[in-house]
Each structure stands twice: as C-alpha cells, then as structure tokens.
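Computed from heavy atoms alone, side chains included, the values below leave out hydrogens, waters and symmetry copies.
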Amino acid sequence: MAPQVGDLQFEPLAVDQEKAQTFERDRKVDTSKVSLRVRFAENPDSQRTPRCPTSRAASLFIGNVLIVISVAVALFLVAAQFDSLSWNYWRSDISNPGTNVSTCATDTQYLLGVGKGDITGPVVEINLMGYADPKQLGSGLRQRLYSRAFIVGSLERPQDRFVYLVLDTQSGDTAVRYGIIKALKELGPEYAFYGHHNIALTGTHSHAGPGGWLNYLLPQITSKGFDRQGYQAIVDGAVLSIRKAHESLQPGYLSAGTTKVFGANINRSLFSYLANPEAERMKYVKSEEEDGSVEKDLTMLKFQRASDGKNIGVLTWFPVHGTSMLGNSTVVTGDNKGVAAWLFEKSVRGDSSAAEDFVAGFSQANMGDVSPNVLGAWCEDESGSQCSFKNSTCSNGKSQACHGRGPAFKVHDDGASSCFEIGRRQFEPAKQLYDHLINNPSPVRGPWVKAFHTFHDMSNFTFIRPDGRSARTCPAALGYSFAAGTTDGPGAFDFTQHNGNENTTMPIWKVARYFIKAPGEEQKACQHPKPILLDVGEILRPYDWSPNIVDVQAFRVGQFAIIVSPGEATTMAGRRWKEAVGQSFKRILDQDMEQTYGYTGGPSSNPIVVLGGPANTYTHYITTEEEYQIQRYEGASTLYGPDTLNAYINVTLSFLPYLSSESTSPPAHDEKSFPPDNTNRSLSFIPAVVRDAPPLFKGFGDVLVDVDSARGYHRGDAIRVVFVGANPRNNLRLEGTYAAVEKLFVDQVNPQKSEWRTVRTDEDWSLIYSWKRKNSVMGTSEVEITWETGEETDEWWDKELGPGVYRLKYYGDSKSLFGGKVQEFEGVSGAFTLV
C-alpha cells in the first residue's frame with residue numbers, strides 16, 4: 001500500500017547556524033587540487049572500512065548457519081593475503097576500461113537504456129524561443145537539436161522506472177508532454193509503463209531554437225501563434241529517443257560523481273542574491289573563486305551495461321543559462337549545453353570504454369540567476385562602463401545598452417565563439433570526471449527505483465510555512481521588471497529591473513495593463529511587493545495565457561534523488577529546495593537501508609540530491625522570498641507570489657514518501673486537476689510556404705558561387721558555396737541533414753572504386769547552413785553553406801579529416817505552386833583541395 005500524504009513528519013527549513021559561525025575556518029580550503037580547474041568530490045566514507053551490502057535475510061542466514069566456521073574463514077582469508085582482494089566496493093582495480101565491471105558481487109544492477117532523437121524544427125521564418133523578440137526570426141542552422149532519453153528501472157519490479165529527457169529546447173512544456181504520452185500509448189502495451197508519473201521533460205534552456213510550440217498563449221505571442229510543425233518535430237523526436245532507450249534496456253550499473261566547473265557561470269542578479277541572509281550565504285563560500293554566488297558543482301550519473309562493461313551514457317546537471325548565443329543571432333543551435341553534449345559524444349566515439357550509441361545529456365540545474373556571460377555586464381555605449389549594480393542600466397537610465405559579455409565577446413559572430421567556449425568549459429571537467437569514475441567507480445546502490453508526479457493548482461494554495469506561519473500562493477502574474485529583461489537579453493522601451501513600476505514607466509503601459517486585464521486588490525495584496533504588469537494567471541481568453549496548474553515531480557534510484565522543477569530556480573532557491581528534500585530523503589533512505597540490508601551507513605546512505613529543469617510545463621522563475629522582495633527580473637517573473645518556493649517545497653515533501661521502498665504505486669491523478677491541452681485551439685498567424693521557384697534559366701541546387709578549385713584552401717579558411725535554394729520548412733530532414741562535407745577516398749589499387757564519403761553534417765559545429773529569401777512573390781531563395789575549417793581541432797583533423805580533396809553538398813526540397821508537391825533535390829560544389 002502506498003504511504004499517505006502526511007505520513008512522515010518533515011523538519012522545517014532552517015539556516016545551519018553552526019556552519020555560519022565557523023565560516024572563517026571552513027573557507028580555508030585546500031585548493032592545491034584545482035590547478036587544472038577541476039576537483040572531484042571526496043569519497044564521504046573514505047575512512048570507513050567498506051563492505052558490500054547484503055540483504056537482511058542473507059545476513060541472518062549467514063549469522064545463524066555459518067557462525068561455526070567464521071573463524072576458519074577469517075584465517076583462510078588472512079593466509080590468502082586478504083588485503084590484496086578487491087573487497088573495497090568504492091574502488092575497483094581496473095586494467096581495461098572497456099571491461100569495467102564492478103568486482104563487488106552485490107553491486108546493484110538496474111534496468112538501463114539511453115536513446116537520442118532529432119527534434120530540429122523549422123530553422124527559418126520562425127521566431128526563436130527565449131529572448132521574446134519577434135524580429136529574431138530563424139535564418140539557418142549551425143547545430144541540430146536533440147532529445148536525449150535516459151531510462152532507469154528496477155530489475156526486481158520492472159514497472160518501477162522513470163524516463164529523464166533532456167531536450168535542446170528552452171524548457172519542457174505541457175502540450176509537448178501530452179503529445180509524447182499519447183504517442184507512447186499508441187505504441188502498444190509494451191510502453192504502458194510510461195506515463196505522467198515517470199516521464200520528466202526537461203529543456204536545456206537554449207535560447208537559440210525555434211519557438212511556437214508552447215501550450216500557453218503568452219509565449220506564443222512573439223512567434224505569431226502556435227507552430228504545429230515545430231511542435232510535432234519535438235514530440236516525434238522525443239518519442240524516438242524514448243523508443244531507442246526502451247529497446248536498448250538491459251541490466252547495468254550506475255555510478256555517481258561530482259566535480260567543479262570554473263569559468264563557465266556567474267550570477268547575473270547579484271544584487272538580489274545578496275538579499276538572502278548573510279549566514280546562509282556564508283555556508284557556500286569555499287574560496288575566492290568559489291564565492292557561493294553560483295553553484296560550481298557538476299553532478300554526473302554514468303550508465304554502464306553489465307553484459308560487456310561498456311558505458312552507454314552520462315547524465316549531468318550544472319547550472320548556466322542557455323544564452324551564449326546572443327539575441328541578434330538567427331541560426332539554430334543547442335547553445336552551450338548542446339555544444340557540451342556534442343563534444344562529449346564525439347570524444348568517446350571509438351573509445352573502448354564506450355558503447356557505439358553513447359548518449360551524453362547535459363541537463364540544467366538551479367540556473368535562474370546564472371549567466372554564461374562570465375565577463376560581466378557592460379554598457380555598449382560611449383561610456384563603456386559597467387552596468388549599474390542595482391538595476392542593470394547605463395548612463396541614460398535605460399537597460400537596452402546593458403549586455404553581458406561572454407569569454408569571446410570581441411569576436412563579432414553573434415556569440416558563437418563564446419557559446420563554444422562555455423560548452424567546452426562544461427565538457428572538459430565532465431569528461432575528466434567520466435574518466436575518473438571508470439577507474440574509481442562510486443556506485444549508486446539499493447534496488448529502489450521510484451517516481452511521483454502530481455498536478456498542483458498554485459492559484460490559491462494555502463499551507464503552513466516551515467516557520468509555522470500560514471501562507472498562500474496567488475494566480476500567476478508578471479511584474480514590471482519582467483519586461484526589462486536581463487543582462488543576457490535586455491528588454492525594450494523604458495522598463496528597468498528592481499525599480500520598475502507604473503510610476504517609473506510611460507503611462508501607456510498602465511493603460512495597456514488595464515486594457516488587457518487589471519489585477520484586483522486581492523491579487524495585488526497577494527503578489528506584493530510585485531507591481532503587476534500582466535495578470536496572466538487570470539486571463540483565460542481566448543485560452544489560458546500562463547499556467548496556474550503546475551507539475552511537481554521527483555525521481556529516486558538508490559541514494560540518488562532528482563527534483564524535477566517546472567521553473568527556473570535561482571541559485572539559493574535551488575539550494576533550499578535540495579536541502580529540504582535531502583533532509584527528508586535521508587530518513588527514507590536510512591529506513592530503506594535498515595529494512596533491506598540490516599544496517600545504515602556507508603556511501604549508499606549519503607543522499608545525492610540534484611535539481612533539473614525547467615521541466616514539464618514552463619512556470620518562469622522560482623526565487624527565494626528575500627530575492628522576490630528586490631523585484632529584479634527573476635523576482636518579477638516568479639509567478640505565484642513571494643511564497644512560491646515554499647509552496648513547491650511543501651508539495652514536494654508531502655509526496656516524498658512515494659519515493660520510499662514501501663510505496664507500491666505512484667499517486668493517482670485526478671483528471672479534473674489536469675492542465676489544459678491547447679494544441680487544437682491555439683491561434684496561429686504563421687504564414688505557410690506557398691511555393692519555391694528557381695531564378696530564370698537556373699535549377700534547384702545549381703551552384704551560384706562556387707569554391708576556387710584552382711587555388712585550393714588551407715586549414716583555417718572558411719569555405720563558402722551558394723546554391724539555388726528552397727525553403728527548408730518543406731522538409732525538416734529529421735535524422736538527416738541539409739548540408740554535408742564530403743571527402744574523396746581514393747582506392748590506390750583500383751581508382752574506379754574511389755568514393756566520396758560524408759565527414760561532416762549539419763549536426764557539426766563547423767558546418768553552417770544559411771537560407772535567404774530573395775523574392776517573396778517569385779518564391780526564389782538562396783542557400784549558403786559554410787565550412788569553418790578553423791573550428792576543427794588538431795585531434796579531429798588528424799583523426800577524421802586530414803589533407804585531401806573535398807566538396808560541399810546541399811540537400812533541399814522544393815514546393816510547387818500547384819498541388820503543393822514537395823520534390824527533393826541536391827546540389828554539389830566543385831572539388832577542392834584542403835591542406
């Protein structure tokens with residue numbers, strides 16, 4: 001029988017005063033291990049004599065039946081040089097990383113599977129999702145977008161499993177999640193295990209992907225409504241990734257570890273962060289470089305199959321916004337986390353430790369106030385000064401010139417170089433941690449795989465805060481500072497962070513607010529001190545503008561727990577949420593350890609808690625109550641009032657008993673509590689593709705600007721070819737490519753057998769596909785394919801490319817005016833030498 005909500009008593013949130021008082025002692029950390037800017041987490045039980053866990057029944061049997069011969073066994077082990085045996089279940093003596101199977105016979109095996117599916121939607125003529133700029137229309141593709149699926153299941157109870165999806169999108173979404181669950185049901189009874197309770201749909205929070213696929217009206221406005229093509233691409237690709245993961249399920253092991261990532265993130269709202277209690281902030285100050293304002297920890301789960309010891313994937317959590325690609329960029333990419341995942345997957349191809357279809361997921365964490373623009377925010381005006389600390393404005397009192405700077409901001413490529421660098425700074429520590437875990441496995445243990453999910457109405461939720469006071473949440477609303485944007489992407493007009501309200505902005509905004517929906521006095525009081533600009537939670541026409549019903553979800557495998565957050569939790573908000581869950585999960589874990597193994601202690605009894613999101617439905621931001629009072633962008637975007645975070649924690653802890661081993665089923669869903677699915681009633685004003693036509697005397701795929709075959713090229717050159725093109729919205733070419741680099745492989749014995757082989761596609765960072773409409777009436781367009789050979793590293797050049805003869809290839813699809821038939825075509829450049 002499943003435990004009832006409220007069965008366990010949960011401790012209230014509290015600041016660790018003892019740690020705060022000893023801050024000066026704690027901050028004197030040994031930084032000698034971070035010369036490579038990477039530090040692995042210490043084994044929490046390094047001083048403990050480790051042992052392999054056994055069940056209570058097995059322990060009793062051994063104790064009662066074999067006690068007579070225990071002395072003889074001990075003497076035998078000593079004689080056999082006991083200390084040379086691999087009884088240390090935390091570390092393994094591995095000679096071949098490719099066959100790294102734990103030497104401990106009772107290491108827990110799980111049902112594991114990974115998969116990857118293409119979700120690249122329309123890359124042109126659709127507004128990119130994230131910066132909310134209707135002028136930011138897609139014009140091409142630099143990197144394909146993917147859904148990466150990770151399935152963890154119990155071997156003892158196969159129905160106990162969960163699916164964690166990492167999508168190269170701005171967030172998870174209600175409509176997309178509905179679409180995925182519906183599609184899985186249609187696949188038949190084999191997929192009946194998957195549903196609302198155990199599917200987490202998280203986004204990397206990339207701001208460089210197509211928009212128009214979200215469920216609610218507000219984010220649809222800048223994309224001219226709902227784009228079904230993009231929506232379906234995400235649903236189909238996510239389902240494909242789950243199918244691949246499901247079909248690859250087999251017994252395996254999980255290993256968990258943590259490392260430090262430096263130089264990849266900073267706090268963009270430090271003025272708000274400093275409003276949190278000093279004692280609480282001081283708990284997280286480790287050094288000058290790790291000052292606590294953001295989290296530097298990257299946590300990893302390594303997936304390893306038991307059959308041959310090969311690793312099949314990694315799933316990581318690290319907080320940094322997907323805003324490396326700037327607001328003026330119009331090419332589709334997975335932003336910095338897409339780069340990190342691509343680099344990781346590329347790095348293990350052909351590696352003896354990794355399976356052929358290795359999948360690397362780089363999930364978000366508590367990144368609400370965390371920016372990849374690590375050089376800080378500066379005024380791009382005549383002053384060249386730093387933006388104001390409180391409200392991120394420049395000398396004219398406005399925010400438009402205030403921009404965060406990435407590590408390569410001087411390169412005028414719309415943030416591409418900075419994006420790659422921040423991705424690399426995540427990938428390299430992650431890869432080192434992966435290598436570390438191969439030779440020093442830190443196992444996830446315990447047969448428990450559990451999940452819960454509930455739909456919770458936040459529009460008027462009353463509960464008791466940890467301090468004993470009564471609290472309530474409010475219908476969703478956005479404040480004036482929401483319209484000011486952030487230093488990653490400033491807003492328009494005269495809105496500013498922190499001090500924006502109806503008295504500091506033009507009167508037209510007050511009029512506009514009342515024209516749309518004026519908030520009532522009760523709503524104003526509930527949301528105080530937020531000055532409400534958009535009362536989105538109470539606007540229901542033509543359909544809901546923003547969600548009031550939210551997803552609250554958590555997963556558990558062994559000692560590892562995942563909080564699935566629907567919003568962007570700030571650094572401190574995430575810490576409080578994880579700390580509260582960690583305290584309660586510790587009691588559950590101790591109880592399960594005692595019941596299953598007859599003891600507590602050891603690495604398996606130390607909970608590991610991570611937070612992933614934004615997931616399932618996008619609920620904007622989640623700040624602490626103190627940060628909410630400041631009303632910068634993050635506080636103004638915290639939808640449900642000052643107690644939003646406390647409400648999420650309250651609901652999460654209430655359902656946490658469902659992660660206990662005693663829980664035999666997840667909480668039931670009341671269909672009346674489901675949020676709306678707006679896919680079939682959403683408005684759309686996105687014009688369709690009418691037709692494509694080539695210029696006079698030309699054909700589709702013809703080369704307009706070719707390579708210079710006579711002179712040849714050197715590595716580092718940018719090689720460009722222009723073709724007669726057609727609109728790529730005619731065919732998304734999912735699991736395919738619009739562009740390719742081919743190399744001529746010559747058969748020295750029989751030159752007639754020489755062949756062109758593809759060595760780069762549009763999933764590779766170095767190959768850029770750009771589309772441009774030349775004449776809307778005639779339907780003509782051009783496609784430029786650029787190979788930036790300078791992006792190829794020495795390793796890739798030596799291993800995959802090298803000097804030789806190459807050519808660029810274009811794959812297109814044209815639409816006829818009459819009948820709308822879509823016809824495939826190809827274009828090929830001249831051959832050229834590259835040295």
Side-chain angles (χ1 to χ4, degrees), residues 30 32-53 81-110 112 114 150 250-261 297-318 340 343-356 358-362 426-445 557-560 602-604 606 608 795:
D30 177 14
S32 61
K33 297 181 181 180
V34 297
S35 58
L36 295 177
R37 304 175 70 82
V38 177
R39 181 166 53 225
F40 300 113
E42 296 297 326
N43 174 6
D45 278 4
S46 58
Q47 303 303 315
R48 182 188 303 273
T49 302
R51 57 174 173 162
C52 293
Q81 294 182 335
F82 170 77
D83 60 350
S84 68
L85 298 178
S86 297
W87 286 98
N88 187 332
Y89 84 126
W90 192 255
R91 299 175 63 91
S92 300
D93 186 12
I94 306 298
S95 59
N96 180 4
T99 57
N100 174 21
V101 181
S102 174
T103 57
C104 180
T106 54
D107 271 0
T108 307
Q109 287 191 1
Y110 303 99
L112 304 178
V114 300
F150 300 83
Q250 58 180 293
Y253 304 97
L254 291 172
S255 192
T258 301
T259 189
K260 298 293 182 183
V261 178
D297 289 341
L298 180 146
T299 302
M300 174 183 289
L301 269 183
K302 182 174 72 67
F303 290 63
Q304 178 191 29
R305 65 190 180 204
S307 60
D308 59 3
K310 292 218 180 253
N311 298 299
I312 60 174
V314 293
L315 178 56
T316 72
W317 290 265
F318 176 75
L343 285 172
F344 203 114
E345 291 167 354
K346 192 176 181 70
S347 73
V348 297
R349 288 178 191 164
D351 192 309
S352 62
S353 73
E356 183 177 353
F358 188 98
V359 177
F362 280 72
Q426 293 173 76
F427 152 69
E428 288 188 348
K431 183 59 166 60
Q432 292 179 45
L433 176 58
Y434 168 82
D435 293 338
H436 177 81
L437 290 174
I438 287 177
N439 295 307
N440 303 274
S442 133
V444 174
R445 283 209 172 88
V557 53
Q559 75 271 30
F560 200 99
S604 302
N606 294 308
I608 304 170
E795 179 183 1

> Where do Gln426 and Phe318 come nearest, in terms of heavy atoms and distance?
Replying inline: OE1-CD2, 3.6 Å
> Between Leu437 and Gly257, what is the shortest heavy-atom contact and its length?
Replying inline: CD1-N, 4.1 Å
> Got Phe303 and Asn311 here, is their nearest side-chain heavy-atom distance under 4.5 Å?
Replying inline: no
> What's the shortest heavy-atom distance between Phe344 and Ala360, and which atoms?
Replying inline: CB-CB, 3.8 Å
>> As an exercise, state the distance from CZ of Arg305 to CD of Gln109, rounded to the nearest 0.5 Å.
In response: 13.5 Å
> Roughly how far, to the nearest 0.5 Å, is the OH atom of Tyr434 from the OG atom of Ser255?
Replying inline: 11.0 Å
> Can you tell me how far CG of Leu112 sits from OH of Tyr253, rounded to the nearest 0.5 angstrom?
Replying inline: 10.5 Å
> What are the two closest heavy atoms between Ser347 and Phe427, and how far apart are they?
Replying inline: OG-CE1, 3.6 Å
>> In the structure I gave you, are the side-chain heavy atoms of Trp317 and Leu301 within less than 4.5 Å of one another anywhere?
In response: yes
> Please walk me through it: do Leu298 and Lys260 pass side chain to side chain contact (heavy atoms under 4.5 Å, CB included)?
Replying inline: CA-CA 6 Å; Leu298 180 146; Lys260 298 293 182 183; over 6 Å; no
> Out of curiosity, Ser442 OG to Asn606 CG, how far, rounded to the nearest 0.5 Å?
Replying inline: 10.5 Å
> If you measure from NZ on Lys431 to OG1 on Thr259, what distance do you get to the nearest 0.5 Å?
Replying inline: 13.5 Å
> So, the side chain of Lys302 versus the backbone of Leu254: is there a donor-acceptor pair under 3.5 Å, distance only?
Replying inline: no
> Closest approach of Lys310 and Ser352, non-hydrogen atoms and distance?
Replying inline: NZ-O, 2.8 Å
> Under 3.5 Å, side chain of Thr258 to main-chain N/O of Thr299, donor-acceptor pair present?
Replying inline: no
> Which pair of non-hydrogen atoms, one from Ala430 and one from Met300, has the smallest distance, and what is that distance?
Replying inline: O-CE, 3.2 Å
